[in-house]
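Below you'll find the structure, written out as structure tokens, and then a few comments.
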Amino acid sequence: MNEEDIKQFTAALAVRYLQVKEEYSLSARYFINMDVTTTPMEKFQSARVQAETAYAKWLLFNEVISELPLDIKQAFLKECELLKSE
């Protein structure tokens, strides 16, 4: 991979990573704030499954990123910081 390929790859990876992270954050927050006494069991279970699935996706993303070569990982982290600052 040349430098431009790495930049494009890490930019796309960073966008998707932040989407997955946000999905996990929102679904977990929604589930945590549910009132089990007033929420129908089906809705509660559905929210739990959604939060667990989002967590699994986020965890898998972190595992993949931890296995990247150092130069790509550093470029990925730079892209994440750029996206967060926008």
Side-chain angles (χ1 to χ4, degrees):
M1 288 179 103
N2 63 34
E3 194 171 317
E4 184 60 31
D5 291 339
I6 290 173
K7 179 150 180 60
Q8 289 177 355
F9 172 74
T10 57
L13 188 64
V15 167
R16 185 65 184 132
Y17 175 80
L18 292 175
Q19 289 171 344
V20 168
K21 184 178 176 184
E22 183 67 16
E23 177 186 334
Y24 165 59
S25 178
L26 291 173
S27 64
R29 213 174 305 138
Y30 176 73
F31 176 68
I32 289 168
N33 289 324
M34 291 183 103
D35 184 352
V36 72
T37 60
T38 59
T39 304
M41 184 55 86
E42 288 177 8
K43 187 174 182 180
F44 183 79
Q45 292 293 0
S46 175
R48 181 184 60 80
V49 168
Q50 187 176 7
E52 288 175 351
T53 302
Y55 175 72
K57 285 169 58 176
W58 181 69
L59 187 63
L60 180 60
F61 238 103
N62 281 304
E63 287 180 25
V64 168
I65 290 165
S66 72
E67 296 297 320
L68 291 173
L70 185 58
D71 59 332
I72 296 176
K73 193 183 306 185
Q74 288 173 335
F76 164 76
L77 293 172
K78 283 182 186 177
E79 290 294 330
C80 282
E81 288 303 316
L82 286 172
L83 288 171
K84 288 178 187 176
S85 68
E86 290 179 353

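Position 1 is the first residue of the sequence; numbering continues from there. These numbers come from a predicted model, not from an experiment.
By the criterion of side-chain heavy atoms lying less than 4.5 angstrom apart, applied directly or through intervening Ile, Leu, Val, Met, Phe, Trp or Tyr residues, I32 is not grouped with V49; the two fall into different hydrophobic clusters.
For E22, the salt bridge (Lys or Arg N to Asp or Glu O under 4.0 Å) criterion is met by no residue, not counting sequence neighbours.
Counting heavy-atom neighbours within 6.0 Å of E23 CD, excluding the residue itself, gives a total above 12. Within 6.0 Å of NZ in K7 there are 12 or fewer heavy atoms belonging to other residues, nucleotides or ligands.
Summarising the geometry of F31 relative to A51, their closest heavy-atom pair is CB-CB, 4.2 Å, with the distance given to 0.1 Å.
Rounding to the nearest 0.5 Å gives a distance of 8.0 Å between CD of Q50 and OG1 of T53. In this structure, CD on E81 lies 5.0 Å from NZ on K84, to the nearest 0.5 angstrom. Residue L70 holds its CG atom at 4.0 Å from CD of Q74, rounded to the nearest 0.5 Å.
A distance-only check finds no donor-acceptor pair linking the side chain of S46 to the backbone of E42 [under 3.5 Å].
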K57 and R16: CA distance, side-chain angles, deciding distance, side chain to side chain contact (heavy atoms under 4.5 Å, CB included) verdict: CA-CA 11 Å; K57 285 169 58 176; R16 185 65 184 132; 3.8 Å; yes
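Side-chain contacts under 4.5 Å among hydrophobic residues (ILVMFWY), followed directly or transitively, place V20 together with M1, I6, F9, L13, V15, Y17, L18, Y24, Y55, W58, L59, F61, I65, L68, I72, F76, L77, L83.
Between E52 and R48 there is a salt bridge, since at least one side-chain N of the basic residue sits less than 4.0 Å from a carboxylate O of the acidic one.
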